[in-house]
Structures are given as structure tokens and as C-alpha cells.
Amino acid sequence: LPGLHIFAIAFALEVSVGKTNTVMALNNSNVLLPCVFITCTGFQDLVFTWYFNSTELIYQGKIKNKASEPTVIRSNPRVEFVGSTTKKDNNISIVLNSVEFSDAGKYTCHVRNPKEKNLQNNATIFLTVVHKMVETDNTVTLIIVGVVGGLIGLLILFMLIKRVVLFIIKKTQDGKKECLVSSSGNDNTENGLAGSKAEQKAPPKA
């Protein structure tokens, strides 16, 4: 029925981790797991939850309204919230600190919005943990070996995280123009944010 179709468009909650839902991280590094949500009707007492391999809760927060930042309900000590919901980006990204090989797997960002009749949606990221990272940039091959150590390594890590977060914010604002499109369910390609992959730069060899 046409009326039902209009209703479905009016109540649309979308969750996205970007066009690429795979993330690669170095063993013992910190990794950003990006996630944003879009809602056309606003939100109140919205609850978002991060799960590891569908069952293990690693972070849960609640957002009272658009004017307030999330409050923590439950959290893993190695998980840090790095998003913001008062800066018009609805960013609920987290950073997983000191990644280990056992952290490889599926991470699900789940959102429930009581203002949209408890409508809920989620998006998934797959994390791979490696000993070393090899990427080709034109003709230059960059290799980051083992554990990133020293001040230079930390500076590079934080610059990458900052660049990815800023990119997520920009793409989210662009995506809001398409708000009156019905929800894409679990499809992570709609209104995607290319925040899952960041170009790795290695410190110059001495």
C-alpha cells in the first residue's frame, strides 16, 4: 500500500561503518572501528552497543538527545569511545587499544532508537590482525614491521586516527542529504564512509 511505503521512508534509521567493512591492524597497535548513524526523525534515549563476534558486549552507551554526548553503560577497559553526537555527525566510533591476534573477528555496531518506535539497525566490521603491514603506493612499497615503537610510531598512529575520524565526519554530513531514502538494512555500502582504510606511512629508515 502507498501509505505504508511512505511510513517506512519517514522512519529510517541507518547505521554505517563505510563502503569497506574490513580493517587491518598491526599486532599491539591501536585500531579505530568507525561507525555513524543517520536518523530522519531525531533521537531520544538512543542506545548503541558494540559486540565482538555477535555475543561479547565490549561497549554500550546511551544518548539522551542531540544536545548531549553519550554516557557509558558498560565498557571493556581496552575500548575507548572517540565519537561525538553533539557536532552534527552522530559518530559512535571506538578505538580498540593494544590489539592482539585473538581480537581478530567480527565487530558489530548496533543502534536502537526509541523515538522511532524502537527501530534498530546494525553494521559490521571484520578486523584482521597481522605481524606486519605491506601496502603499495605507486612504485613505493611501505613496510611496517612488528610492533610500532617509539614516539614517531605513536605520532603516525594518532595522525592516521585523526585523519580517518575527520573523513568520517565529512562523509557523514554528505550522506545526510540522502536522508529521505528508506533504510538499507544491514547493507554497509549505502552512504558509505571510506574510513576503514587509511594509508599507512612508515618512519624513514635511519
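Only this structure's heavy atoms are used, side chains among them; waters, hydrogens and symmetry mates stay out.
The shortest side-chain heavy-atom distance between Lys64 and Gln44 does not fall under the 4.5 Å cut-off. Looking at heavy atoms from C-beta onward, Pro70 lies in side-chain contact with Thr85 at the 4.5 angstrom threshold. Using a 4.5 Å heavy-atom cutoff, the side chains of Leu96 and Val79 are in contact. Val99 is not listed as a side-chain neighbour of Asn27, based on a closest heavy-atom distance of 4.5 Å or more. Between Thr128 and Val23 the shortest side-chain heavy-atom distance does not fall below 4.5 Å. Ile58 has its side chain within reach of Ile94: a pair of non-hydrogen atoms, C-beta onward, lies under 4.5 Å apart. The side-chain heavy atoms of Gln60 and Val47, taken from C-beta on, include a pair separated by under 4.5 Å.
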I would like to know whether Phe48 and Phe43 meet ring pair (Phe, Tyr, Trp, His ring centres under 6.0 Å); could you show each step before the answer?
CA-CA 12 Å; Phe48 65 94; Phe43 60 87; over 10 Å; no
Verify side chain to side chain contact (heavy atoms under 4.5 Å, CB included) between Val95 and Leu33, making sure each step is shown before the conclusion.
CA-CA 6 Å; Val95 167; Leu33 300 178; over 6 Å; no
Intermediate values then yes/no, side chain to side chain contact (heavy atoms under 4.5 Å, CB included), Leu127 and Val31:
CA-CA 9 Å; Leu127 175 66; Val31 62; 4.2 Å; yes
Between Lys66 and Asn90, does a side-chain hydrogen bond (donor to acceptor under 3.5 Å, both in side chains) hold up when you go through it step by step?
CA-CA 9 Å; Lys66 188 65 187 170; Asn90 291 347; 2.6 Å; yes
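Here the straight-line distance linking atom OG1 of Thr39 with atom CD of Glu116 works out to 3.0 Å at 0.5 Å rounding. A distance of 10.5 Å separates NZ of Lys62 from OG of Ser68, quoted to the nearest 0.5 Å. Atom-to-atom distance recorded for Ile125:CD1 and Thr22:OG1 is 9.5 Å, nearest 0.5 angstrom. The CG atom of Asn113 sits 5.0 Å away from the CG atom of Leu46 when rounded to the nearest 0.5 Å.
Listed by first and then second residue, the ring-ring contact (aromatic ring centres under 6.0 Å, His included) pairs involving residues 83-105 are Phe101-His131 (not counting sequence neighbours). Applying the disulfide (SG to SG under 2.5 Å) test to pairs two or more places apart or on separate chains, none has a residue in residues 41-92. Within the structure, no pair that satisfies the disulfide (SG to SG under 2.5 Å) test touches residues 45-95, not counting sequence neighbours. For the disulfide (SG to SG under 2.5 Å) condition, no pair includes a residue of residues 69-102, sequence neighbours left out. Among residue pairs with one or both ends in residues 46-120, those qualifying as disulfide (SG to SG under 2.5 Å) are Cys35-Cys109; sequence neighbours excluded. For residues 91-112, the pairs satisfying salt bridge (Lys or Arg N to Asp or Glu O under 4.0 Å) are Arg78-Asp103, with sequence neighbours left out.
Across all their heavy atoms, Ser75 and Tyr59 have their closest contact at OG-CD1, 3.5 Å. The minimum heavy-atom distance between Pro34 and Ser93, with the atom names listed, is CA-OG, 3.3 Å.
In this structure, Tyr107 and Phe52 have tilted ring planes: the angle between them lies in the 30° to 60° band.
Looking at residues two or more places apart in sequence or on another chain, you find no side chain to side chain donor-acceptor pair (under 3.5 Å) involving Thr108. For Glu69, the side chain to side chain donor-acceptor pair (under 3.5 Å) partners are Ser84, Thr86, not counting sequence neighbours. Phe126 is linked by a ring pair (Phe, Tyr, Trp, His ring centres under 6.0 Å) to nothing, counting only residues two or more places apart in sequence or in another chain. For Asn97, the side chain to side chain donor-acceptor pair (under 3.5 Å) criterion is met by Asn30, not counting sequence neighbours. Looking at residues two or more places apart in sequence or on another chain, you find no side chain to side chain donor-acceptor pair (under 3.5 Å) involving Asp45.
Judged by distance alone, the side chain of Asn121 and the main-chain N or O of Val15 form no donor-acceptor pair under 3.5 Å. When atom types are taken as modelled, the side chain of Trp50 and the backbone of Ile92 share a donor-acceptor pair closer than 3.5 angstrom.
Other members of the hydrophobic cluster containing Leu57, listed by chain and number, are Tyr51; membership follows side-chain contacts under 4.5 Å among ILVMFWY residues, whether direct or relayed.
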